[in-house]
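Below: the structure, in structure tokens.
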Amino acid sequence: MRISAQMKMADLVHINFELLSVLQRLMIPFGFKDKSVSTVCNENNVDVDFFLALTQWFLNRDEFPQQELMNYPPEWLIGYLQHTHKCYINYQIPRLEKEIEQLDQLLNAPDHSAQVMIHFFKEYISEFSEHIEEEERVAFPYILGVEKVVSNKITYKEFVEEYKDYSIGKYLENHTDLEEKIFDLQNILLKYVPPPTNNCHFTNLLIEIYRLGKDLKDHTLLEENVLIPKVKEMEITLAKLAGKQ
Amino acid sequence: MIRILIAEPSYILRKGLIQLINELPDTSEIEVVGSHLGLIEVLNHFSPDLVILNTSIAVAIPMEEIKIHLPDTSKIIHLINTPLPPDSTSQQISIYDSKLVLQEKLSHYIKPEQVHDDEENSEELTSREKLILKHVALGQTNKEIASSLFISTHTVISHRKNITRKLDIKSVSGLTVYAILNGIIKMEDIS
């Protein structure tokens with residue numbers, strides 16, 4: 001369905017509760033009363049069309065609004081991704097970690113199965129955190145820097161001093177890895193681990209991991225299809241600026 | 001499961017293709033891109049078995065570049081915005097093709113997966129594959145495995161492909177977990 005800025009924000013969430021995470025990531029607080037989507041967005045300094053583009057995509061997965069999202073300032077999307085990161089690091093991951101640690105009570109395994117899984121997951125988490133940190137520390141500031149030069153907010157000289165020979169290509173490298181491993185984890189838990197003793201608990205864990213995998217896929221999609229093409233576009237302008245120096 | 005990437009700028013055509021593919025008797029995973037932007041990145045991480053590529057997108061990126069980023073076994077179907085002669089090959093489809101023609105051409109690539117539960121066709125690893133897996137799980141590179149087993153690196157790679165296909169596990173650490181769970185290596189072997 002097509003959603004509009006005149007709809008009530010609360011109704012939108014009723015349609016699909018997954019949108020709660022979009023609201024959280026855009027730092028839109030709840031307590032909407034009967035306010036419309038556009039009122040709530042305006043009150044929280046979120047661009048209504050940007051909000052609608054993201055929301056529409058959450059509701060209709062096979063239509064990714066690439067062109068539309070590319071038209072907005074990259075800092076909006078970066079803000080969205082940063083808040084996603086925060087939620088992972090401060091809440092989701094520690095919680096999952098605790099659940100995984102209980103695996104040895106869950107699995108009906110005489111051997112080391114549980115420890116092996118715990119080890120795998122811990123390794124995964126540290127890689128995951130590293131990737132997020134690297135994004136926050138290098139890639140995002142670089143992208144924002146490129147945007148500032150292109151829109152004449154800082155000079156080319158200032159930019160070069162800050163980000164000597166970084167380019168966006170470098171950052172793409174370990175993306176695939178993270179996705180691959182979470183799918184491996186799903187498959188191992190689903191297909192190869194001895195049947196669990198507490199089915200309810202184990203099923204829940206698996207659902208959470210699937211959700212993390214799906215989130216990660218979305219994350220990659222936003223980065224690979226919006227942020228990176230946008231930066232590559234801007235890097236062309238940048239190269240022209242460099243030529244003039 | 002066959003992985004299909006649809007690279008097509010038109011919304012209606014994308015929708016139509018997805019609908020058509022979903023009517024075929026196979027479970028497919030479908031990804032879409034609407035322009036050449038980001039296409040290479042998607043190719044790299046999705047590694048599709050089949051790409052349905054509109055010629056209008058293909059003009060923006062050299063064909064060689066697309067092929068570099070595709071697995072060797074991947075196929076490409078070109079989607080053409082003009083009518084095709086009646087005897088055209090299955091590598092080309094036209095937006096004017098009838099449903100029957102489209103289904104016929106697509107079914108060359110999208111064949112129903114055979115599920116066998118019997119021993120012969122099972123996805124069990126062969127003893128050779130288990131041996132390779134053991135070395136992989138112990139952290140050896142393809143080259144090291146090749147020289148310690150007196151086989152070519154090429155052979156090692158093809159064994160590894162089969163292992164990954166059978167188990168649905170791609171990463172080395174995932175394979176290590178599998179190897180331990182199945183007693184192919186011991187916990188103490190890895191430190």
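Residue numbering restarts at 1 for every chain, and letters A, B, ... go by the order of the sequence lines. FYI, side chains are in, hydrogens and waters are out, and symmetry mates aren't considered; it's all heavy atoms of this structure.
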_More than 12 heavy atoms from other groups under 6.0 Å of NZ on Lys214(A)_ = yes
*List the steps and the verdict of side chain to side chain contact (heavy atoms under 4.5 Å, CB included) for Asn187(A) and Leu167(B).*
CA-CA 8 Å; Asn187(A) 268 319; Leu167(B) 301 179; over 6 Å; no
*Considering non-hydrogen atoms only, spot the tightest contact between Phe120(A) and Gly174(B) and give its length.*
CE1-N, 3.3 Å
*Note, Lys170(B) side chain near Glu179(A) side chain (heavy atom, < 4.5 Å)*: no
*asked:* A side-chain contact here means heavy atoms from C-beta on lying under 4.5 Å apart; do Glu41(B) and Asn225(A) qualify?
replied: no
*Under 4.5 Å between any side-chain heavy atoms of Lys217(A) and Glu31(B), yes or no?*
yes
*Is there side-chain contact between Met70(A) and Leu37(B), with heavy atoms separated by less than 4.5 Å?*
yes
_Tell me whether the count of non-hydrogen atoms from other residues, nucleotides or ligands lying under 6.0 Å of CZ in Arg165(B) goes above 12._
yes
*Taking all atoms of both residues into account, what is the closest heavy-atom pair of Gln66(A) and Ser35(B), and its distance?*
OE1-OG, 3.2 Å
*To the nearest 0.5 Å, tell me how far Ser173(B) OG sits from Tyr124(A) OH.*
10.5 Å
*Sort Gln67(A) into side chain, backbone, both or neither according to what part of it lies under 4.5 angstrom from a heavy atom of chain B.*
side chain
*Is His201(A) atom NE2 crowded by more than 12 heavy atoms from other residues, nucleotides or ligands, each under 6.0 Å away?*
yes
_Nearest-0.5 Å distance, CG of residue Leu221(A) to NE2 of residue His45(B)_ = 7.0 Å
*Answer with side chain, backbone, both or neither: which region of Lys191(A) has an atom nearer than 4.5 Å to a non-hydrogen atom of chain B?*
side chain
*Counting only heavy atoms not in Lys15(B), do more than 12 fall under 6.0 Å of its NZ?*
yes
*Closest approach of Asp184(A) and Ile169(B), non-hydrogen atoms and distance?*
OD1-CA, 3.3 Å
*Proximity breakdown for Phe64(A) and chain B, heavy-atom pairs closer than 4.5 Å*: neither
*asked:* Could you measure the distance from the CG atom of Leu39(B) to the CD atom of Glu224(A)? Nearest 0.5 Å is fine.
replied: 11.5 Å
_Please report the interatomic distance OG(Ser171(B)) to CD1(Ile188(A)), rounded to the nearest 0.5 Å._
6.5 Å
